[in-house]
K.L.:
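Handing you this structure, nothing more for now.
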Amino acid sequence: MKAYLDILKNCLENGTISDNRTGIKTLRIPWGATFQHDMSTGFPLITTKFTPLKTISTELEFFINGYSDKKWLQDRNCHIWDEWANMDAWKPSYDKKLQVLEQQAKKDGKTVSDAEKKELQNNEMGLTRDLGPIYGWQWRHFGSNYHFNPLVASDNYDLKKPGVDQLKWVVDTAKKDPNNRRLIVNAWNPTDMSKMALPPCHVMHQILIHNGKLNLIWTQRSCDMFLGIPFNIASYAMLLLLYAKELGYEPGVLRGELHDVHIYENHIDQVKEQLSRTPYELPKVAITDENWNGMFNWHADGGYKYLTKYLRHEQLKGDVAG
């Protein structure tokens, strides 16, 4: 897909070396870039490497339902969030275990290394199911009080103060007033930031309806061009199809306002390999009528189908920067 590959190439060739919180330097274009795709030309699933649409769609279903238990994802073979967790949930256990390690190290005349601390942190985060009030929770319960229930995935908000269901408001408002310019869903909530496994990268999206077509624009504050952005493109493309199906419009333009575009240094070889590959024709994807019970009852399993084959090059792997 040329729009994505052009941004990737520009970042590789013109990005400047920059430090960041992960400790892995990036090639960075801090003023960002714009991605744009006409959905009539095919579904924007990257073809220069394998991009798992089933995994991406499962995560989107998770968001639409407002869930925050990563076991729900793992039970469906979706492991995007395995390495993350709500700090309020994993930190107490980490602190206790670190104290034991430090006491033992002191007896041995040693200190606990940063690598040992990082390993302990990763283990605790991996064992913790609670992701906190991340994307979907903000979409469906913005302003509510967050709590985690390991028994029921949907029971993670205050019933007496359910918050704003932004997703439903957008759908209901668009049905009554399709020309409305306030059809916005926001995931950036500073009051909940400390509880989130990861502050939102894609912070908001807006739908705009015009001439019988539904367009979607998303805004992203931080853009991992090799690993993250191909997933984000496909996820918002699927969300656009869902909105269009729910509201009765043709899919229009998908646009991404991408801030802080970057490539991690440990992905540079993979990016060069990806850019050397010739893209295939994009597949066509549709939301199926057969299993359609509305956007809020949609399931990734059986909820879409390929109208044409997904031709693509083999997978390219890269480590996630923590």
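These numbers come from a predicted model, not from an experiment. What's counted below: heavy atoms across the whole structure, side chains too, no hydrogens, waters or symmetry copies.
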K.L.:
Would you tell me whether N186 and Q166 have side-chain atoms, one donor and one acceptor, within less than 3.5 Å of each other?
P.N.:
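Q166 and N186 do not have a side-chain donor-acceptor pair below 3.5 Å.
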
K.L.:
Got a sec, which residues hit side-chain hydrogen bond (donor to acceptor under 3.5 Å, both in side chains) with D289, two or more places apart in sequence or on another chain?
P.N.:
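Counting only residues at least two positions away or on another chain, D289 forms a side-chain hydrogen bond (donor to acceptor under 3.5 Å, both in side chains) with K245.
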
K.L.:
Is any side-chain heavy atom of D224 less than 4.5 Å from a side-chain heavy atom of H267?
P.N.:
yes

K.L.:
Thinking salt bridges, do D260 and R221 make one under a 4.0 Å N-O criterion?
P.N.:
no

K.L.:
Charged N to carboxylate O below 4.0 Å: is that the case for K70 and E83?
P.N.:
no

K.L.:
Who pairs with N122 by side chain to side chain contact (heavy atoms under 4.5 Å, CB included), at least two apart in sequence or on another chain?
P.N.:
K118

K.L.:
Between T58 and E61, does any side-chain donor sit less than 3.5 Å from a side-chain acceptor?
P.N.:
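Side chains of T58 and E61: no pair found under 3.5 Å.
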
K.L.:
Of all residues at least two apart in sequence or in a different chain, which pass the ring pair (Phe, Tyr, Trp, His ring centres under 6.0 Å) check with Y243?
P.N.:
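Applying ring pair (Phe, Tyr, Trp, His ring centres under 6.0 Å) to Y243 gives H205.
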
K.L.:
Excluding sequence neighbours, so at least two apart, what forms side chain to side chain contact (heavy atoms under 4.5 Å, CB included) with I184?
P.N.:
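For I184, the residues satisfying side chain to side chain contact (heavy atoms under 4.5 Å, CB included) (neighbours in sequence not counted) are M204, Q206.
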
K.L.:
Between the side chain of R129 and the main-chain N/O of F148, is any donor-acceptor distance below 3.5 Å?
P.N.:
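No: the side chain of R129 does not pair with the backbone of F148.
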
K.L.:
Using distance alone, with no hydrogens and no angle criterion, decide if H259 and Q220 have a side-chain donor and acceptor under 3.5 Å apart.
P.N.:
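Absent: no donor and acceptor within the cut-off.
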
K.L.:
Can you list the residues that meet the side-chain hydrogen bond (donor to acceptor under 3.5 Å, both in side chains) rule with E290, with sequence neighbours excluded?
P.N.:
none

K.L.:
Indicate yes or no: does R140 engage D165 in a salt bridge with an N to O separation below 4.0 Å.
P.N.:
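Salt bridge between R140 and D165, a charged N being under 4.0 Å from a carboxylate O: yes.
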
K.L.:
For residues H147 and N149, is any side-chain donor paired with an opposing acceptor at under 3.5 Å?
P.N.:
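Looking only at side-chain atoms, N149 and H147 do not form any donor-acceptor pair under 3.5 Å.
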
K.L.:
Step through the shown structure and confirm whether more than 12 heavy atoms of other residues, nucleotides or ligands are within 6.0 Å of CG on D301.
P.N.:
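Open: at most 12 neighbouring heavy atoms sit under 6.0 Å from CG of D301.
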
K.L.:
List the residues meeting salt bridge (charged side-chain N to carboxylate O under 4.0 Å, His left out) with R76, not counting sequence neighbours, and say none if there are none.
P.N.:
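Per chain and number, R76 pairs via salt bridge (charged side-chain N to carboxylate O under 4.0 Å, His left out) with no residue.
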
K.L.:
Going by side chain to side chain contact (heavy atoms under 4.5 Å, CB included), name the residues that satisfy it together with M87, two or more places apart in sequence or in a different chain.
P.N.:
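With neighbours one apart ignored, the set is W90, K91.
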
K.L.:
Tell me if the CD atom of Q103 is crowded by more than 12 foreign heavy atoms within 6.0 Å.
P.N.:
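Buried by this count: over 12 neighbours within 6.0 Å.
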
K.L.:
Got a sec: does the NE2 of H210 have more than 12 other heavy atoms crowding it under 6.0 Å?
P.N.:
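No, the 6.0 Å shell around NE2 holds no more than 12 heavy atoms from other groups.
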
K.L.:
Output all residues satisfying side-chain hydrogen bond (donor to acceptor under 3.5 Å, both in side chains) with T48, sequence neighbours left out; order by chain, then residue number.
P.N.:
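Q274.
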
K.L.:
Examine the side chains of S40 and D38 and answer whether a donor and an acceptor come within less than 3.5 Å of each other.
P.N.:
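Yes, side-chain donor-acceptor contact under 3.5 Å.
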
K.L.:
Atom CG in N211, atom NZ in K213: separation rounded to 0.5 Å?
P.N.:
9.0 Å

K.L.:
Could you please spell out the steps behind the side chain to side chain contact (heavy atoms under 4.5 Å, CB included) verdict for T22 and Y264?
P.N.:
CA-CA 10 Å; T22 69; Y264 285 98; 3.6 Å; yes

K.L.:
So which pairs with a foot in residues 154-194 pass ring-ring contact (aromatic ring centres under 6.0 Å, His included), sequence neighbours left out?
P.N.:
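Only H141-Y157 qualify under ring-ring contact (aromatic ring centres under 6.0 Å, His included).
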
K.L.:
Checking S93 against E124: is there a side-chain donor and acceptor pair closer than 3.5 Å?
P.N.:
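Side chains of E124 and S93: pair found under 3.5 Å.
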
K.L.:
ring-ring contact (aromatic ring centres under 6.0 Å, His included): which pairs involve residues 29-52, sequence neighbours left out?
P.N.:
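Non-adjacent pairs meeting ring-ring contact (aromatic ring centres under 6.0 Å, His included): zero.
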
K.L.:
Can you list the residues that meet the salt bridge (charged side-chain N to carboxylate O under 4.0 Å, His left out) rule with D19, with sequence neighbours excluded?
P.N.:
K25

K.L.:
Under 4.0 Å between a Lys/Arg side-chain N and an Asp/Glu carboxylate O for K106 and E102?
P.N.:
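Answer for the salt bridge query: no.
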
K.L.:
When you measure from the side chain of N215 to the backbone of V253, do you find a donor-acceptor pair of N or O atoms at a distance under 3.5 Å?
P.N.:
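Looks like yes, one N/O pair under 3.5 Å.
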
K.L.:
Kindly indicate whether the side chain of I268, heavy atoms from C-beta on, has any atom under 4.5 Å from the side chain of V271.
P.N.:
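When only atoms from C-beta onward are counted, V271 and I268 do not touch, as no gap falls below 4.5 Å.
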
K.L.:
If I compare all heavy atoms of I207 with all of A174, which pair ends up nearest, and what's the gap?
P.N.:
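In this case the closest contact between I207 and A174 is CD1-CB, 4.4 Å.
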
K.L.:
State which residues pass salt bridge (charged side-chain N to carboxylate O under 4.0 Å, His left out) with E246; sequence neighbours excluded, sorted by chain then number.
P.N.:
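Result, salt bridge (charged side-chain N to carboxylate O under 4.0 Å, His left out) vs E246: K175.
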
K.L.:
Does the side chain of E257 come under 3.5 Å of the side chain of T34 through a donor N or O and an acceptor N or O?
P.N.:
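The criterion, which ignores hydrogens and geometry beyond distance, is satisfied for T34 and E257.
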
K.L.:
Taking atom CD of E265 as the centre, does the number of heavy atoms from other residues, nucleotides or ligands within less than 6.0 Å exceed 12?
P.N.:
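For E265, atom CD is crowded (more than 12 foreign heavy atoms under 6.0 Å).
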
K.L.:
State whether the side chain of N297 and the backbone N or O of N293 hold a donor-acceptor pair below 3.5 Å, judged by distance alone.
P.N.:
yes

K.L.:
Is the shortest distance from a Lys or Arg side-chain nitrogen in K195 or D192 to a carboxylate oxygen in the other one below 4.0 Å?
P.N.:
yes

K.L.:
For Y135 and H202, take the angle between the two ring planes, folded into 0 to 90°, and tell me which bin it lands in: parallel under 30, tilted 30 to 60, perpendicular over 60.
P.N.:
parallel

K.L.:
Would you say that more than 12 heavy atoms from the other residues, nucleotides or ligands in this model lie under 6.0 Å from the CG of N14, or not?
P.N.:
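Yes, enclosed.
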
K.L.:
Does atom NZ (K49) have a neighbourhood of more than 12 heavy atoms from anything else shown, all under 6.0 Å?
P.N.:
yes

K.L.:
Under a plain distance cut-off of 3.5 Å, with no hydrogens placed, do N156 and S68 share a side-chain donor-acceptor pair?
P.N.:
yes

K.L.:
Which label fits Y280 and H313: parallel for a plane angle under 30°, tilted from 30 to 60°, or perpendicular past 60°?
P.N.:
tilted

K.L.:
Evaluate L242 against I287 for side chain to side chain contact (heavy atoms under 4.5 Å, CB included), listing each step before the verdict.
P.N.:
CA-CA 7 Å; L242 288 169; I287 305 298; 3.9 Å; yes

